Structures are given as C-alpha cells and as structure tokens.
Student: 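Quick one: structure below, then a few questions.
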Amino acid sequence: MSAGKKFRQALVNNKPLQIVGTINAYSAMMAKQIGHQAIYLSGGGVANASYGLPDLGMTSLNDVLVDVQRITSACDLPLLVDIDTGWGGAFNIAKTVRDMEKAGAAAVHMEDQVAQKRCGHRPNKEIVPVEEMVDRIKAAVDARTDPDFFIMARTDSFAQEGLDAAIERAKAYVAAGADGIFAEAIKTEAHYRAFSQALDVPILANITEFGQTELWNKQQLGEWGAAMVLYPLSAFRAMNKAAEMVYSAILTDGDQKAVVDSMQTRMELYDYLGYHDYEQKLDSLFAEGKNK
Ligand SMILES: C[C@](O)(C(=O)O)[C@H](CC(=O)O)C(=O)O
Ligand SMILES: [Mg+2]
C-alpha cells in the first residue's frame, strides 16, 4: 500500500484522525508503538530543532527532505509534511511534491502565505491573492505520481479576512484539486462547524499550544466536523522543557540524581528501538569464535 493510501485509510478508520508531531525518527517510532495511526513533520519544528532557526520561511526543500527521509526510513506510519508555501513557483512546487513522494511522505500541506511566511499563530501574516494559491495547488496536484498522495491546502486568511472570506478561499482551493483543508488559527465551535459544513473534503484542526486555538478535545472537534486533529509540536515542547530541567540540574547540583527519575531508562530506550532483536541477530550471525 502506498503511503498516500495508508493516510487515506487512516482517515477512514479514525474519526477524527489524530496526527502527532514527531520531531525525529525515534519520536516517530515511539508514536507508532504507543498506538498512533499518523505522524507529522512540522516546518517550524524542522527550523527550530534541526537548524536552530525561527519559523520564518528560512528553511528550504532539502532541509525538510533530510528529516522526512530519516523519519520514513524508521517508521512506516503515514507522514504528513509541512511544506510551508511550497518553496517557489509552479516548477518548484512540482519538484517539492515529487521529492516528498519519493522520500516516502504520505501527505503535505501547503499554505497561502507569501514566501516570507510566519507561524500561523503570530500576528501580521501576509496572504497571496486567491489566484496565486489556486495556481500553487494546481501545480502540486498535477505533479503527484500517486493519485492517493494527499495534498492539503492550508489557508492562513482567517486572521486578516475573516470567516466568510476564508471559507470562500477554501472552496476555491478544493475546486483547484486540494484533497483537504487546513483551516489555520480558527477559534470557535462555530468556525469549525462553518468550515466543515461548507466543504466536503476533510478539515484539519491545528491544536497547537500557546497559540490562537483552545486545546479542544478530539471528541468535540469530531462533533464539529473536523476529520483530522494536529498536535504539531506538543512532544517537542515537552522534550525541550525536560532537557532544560536536566541541563540546569547538572549545572547546579553537579550531578543528575535529582532528575534521573524523570528520564527514560536505558531499557525503555532500547525497547522502542527493538535493540534486543538486533543483538540476538548479531549473536546468532557472528557469535562463533567471538567473546568466547
Ligand atoms: C503547524 C505549524 O505550521 C508547524 O510548523 O508546526 C505551526 C505550529 C506552531 O507554530 O505552533 C503553525 O501553526 O504555523
Ligand atoms: Mg509550519
């Protein structure tokens, strides 16, 4: 089954489908073993974690592809990738889609901000005219080789243009071939219901922390018509806080005794990696004559 097909299957089997951000290959393995059905690579996350940069359109296609390949090599859950604005004009967007498919991604979301983009939950975003975004979507849809590869259009227009205009944009994006709509930074039950009633493609709710949206439960969001619920940076934020505590404790206390109980143990680390299977294989293949 292609990655795109797996993503579509997960959408059918889970209403709504929870999609968790996995900042690296190991996180993706954990998410899968814990029972998640779909994972996400955040554009902001790649910029922050892999490059130490803000989420301001400074990373490129190749920067994101490296992390996509690492994750898809380690985990076979369908991966949704944040491709920001697609990184250029029609030909660049076509290349982005083909490269993402080849790298094993199942789905992408592309937004209607100007190339000099911002985080969707920050002020002063600038949006391209609807025609320009429609062209972006057509280029993306035309470029895919797997018809199941899922191309989601994200609209950042709610903040500037309001609900009705944002829905009109979403309709135009669906008419251009978008398979789903990411309604960025909408806020209330009425907003979610309006989007899902106006459109007959799956709608994504971005439940990112410390932003514009309340931390709605998946059950509520499902009732309001959301087909997907995204948690783009939740584990990453928690990992950062944990690292901060450990770095501070080591510096202040001179040892890590106070924080060791909050750490994943060596065995827990190995369990997610399937370490023992590797070790057994090594022993059965090469044990003869070694360490004896
Ligand atoms: C989803 C998002 O595009 C991301 O890059 O993860 C961000 C998330 C965030 O900054 O909290 C966004 O919503 O713009
Ligand atoms: Mg992003």
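Every number for a ligand or one of its atoms is a count from 1 in the order of the listing. Small disclaimer: the values here were computed from a predicted structure and weren't measured. Along the sequence shown, residues are numbered consecutively beginning with 1.
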Student: With heavy atoms of G43 as the reference, note each atom of ligand 1 found under 4.0 Å away.
Tutor: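 This gives 5 (O) as the contact atoms.
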Student: Between the Mg ion (ligand 2) and D82, which N, O or S atom of the residue is the nearest one?
Tutor: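 Nearest N/O/S atom of D82: OD2.
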Student: Considering only the protein, which heavy-atom contact is closest to atom 1 (C) of ligand 1, and what is its distance?
Tutor: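 Answer, as residue, atom name and distance: Y40 OH, 3.5 Å.
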Student: For T208, take its heavy atoms, then give the atoms of ligand 1 lying under 4.0 Å from any of them.
Tutor: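 Answer for ligand 1: 8 (C), 9 (C), 11 (O).
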Student: Run the ring-centre check on Y231 versus H36 and record whether the distance is less than 6.0 Å.
Tutor: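 When the ring centroids of Y231 and H36 are compared, they turn out to be at least 6.0 Å apart.
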Student: Is it the side chain (CB and beyond), the backbone, both or neither of F210 that lies under 4.0 Å from ligand 1, heavy atoms counted?
Tutor: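 It is neither part, as no heavy atom is under 4.0 Å.
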Student: Look at the rings of Y272 and Y26 and say which category their plane angle falls in: under 30° parallel, 30 to 60° tilted, over 60° perpendicular.
Tutor: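 Because their plane-to-plane angle is over 60°, the rings of Y272 and Y26 count as perpendicular.
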Student: Taking non-hydrogen atoms only, is Q212 closer than 4.0 angstrom to ligand 1 via side chain, backbone, both or neither?
Tutor: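 Within the 4.0 Å criterion, Q212 makes no contact with ligand 1.
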Student: Numbering the atoms of ligand 1 from 1, which are under 4.0 Å from a heavy atom of E184?
Tutor: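 Matching atoms, with element in brackets: 12 (C), 13 (O), 14 (O).
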Student: Go through ligand 1 atom by atom and flag the ones less than 4.0 Å from a non-hydrogen atom of G120.
Tutor: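 The atoms of ligand 1 under 4.0 Å from a heavy atom of G120 are 12 (C), 14 (O).
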Student: In ligand 1, which numbered atoms sit nearer than 4.0 Å to a non-hydrogen atom of G44?
Tutor: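 Checking each atom against G44, I get 4 (C), 5 (O).
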Student: Judged on heavy-atom distance to atom 2 (C) of ligand 1, which of R154, E209, H121 sits nearest?
Tutor: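 Result: the heavy atom closest to atom 2 (C) of ligand 1 is in R154.
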Student: Could you list the atoms of ligand 1 found under 4.0 angstrom from a heavy atom of R237?
Tutor: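 Numbered from 1, ligand 1 contributes 11 (O).
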Student: List the steps, then state whether salt bridge (Lys or Arg N to Asp or Glu O under 4.0 Å) holds for R98 with E101.
Tutor: CA-CA 5 Å; R98 279 196 301 268; E101 256 192 83; over 6 Å; no
Student: Report the nearest protein non-hydrogen atom to atom 4 (C) of ligand 1: residue, atom name, distance rounded to 0.1 Å.
Tutor: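 So the nearest neighbour among protein heavy atoms is S42 OG, 3.3 Å.
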Student: Taking only heavy atoms of D82 into account, list the atoms of ligand 1 that are under 4.0 Å away from them.
Tutor: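 The atoms of ligand 1 under 4.0 Å from a heavy atom of D82 are 2 (C), 3 (O), 4 (C), 5 (O).
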Student: Between R154 and D156, does any side-chain N to carboxylate O distance fall below 4.0 Å?
Tutor: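 Here R154 pairs with D156 in a salt bridge, since their nearest N and O are under 4.0 Å apart.
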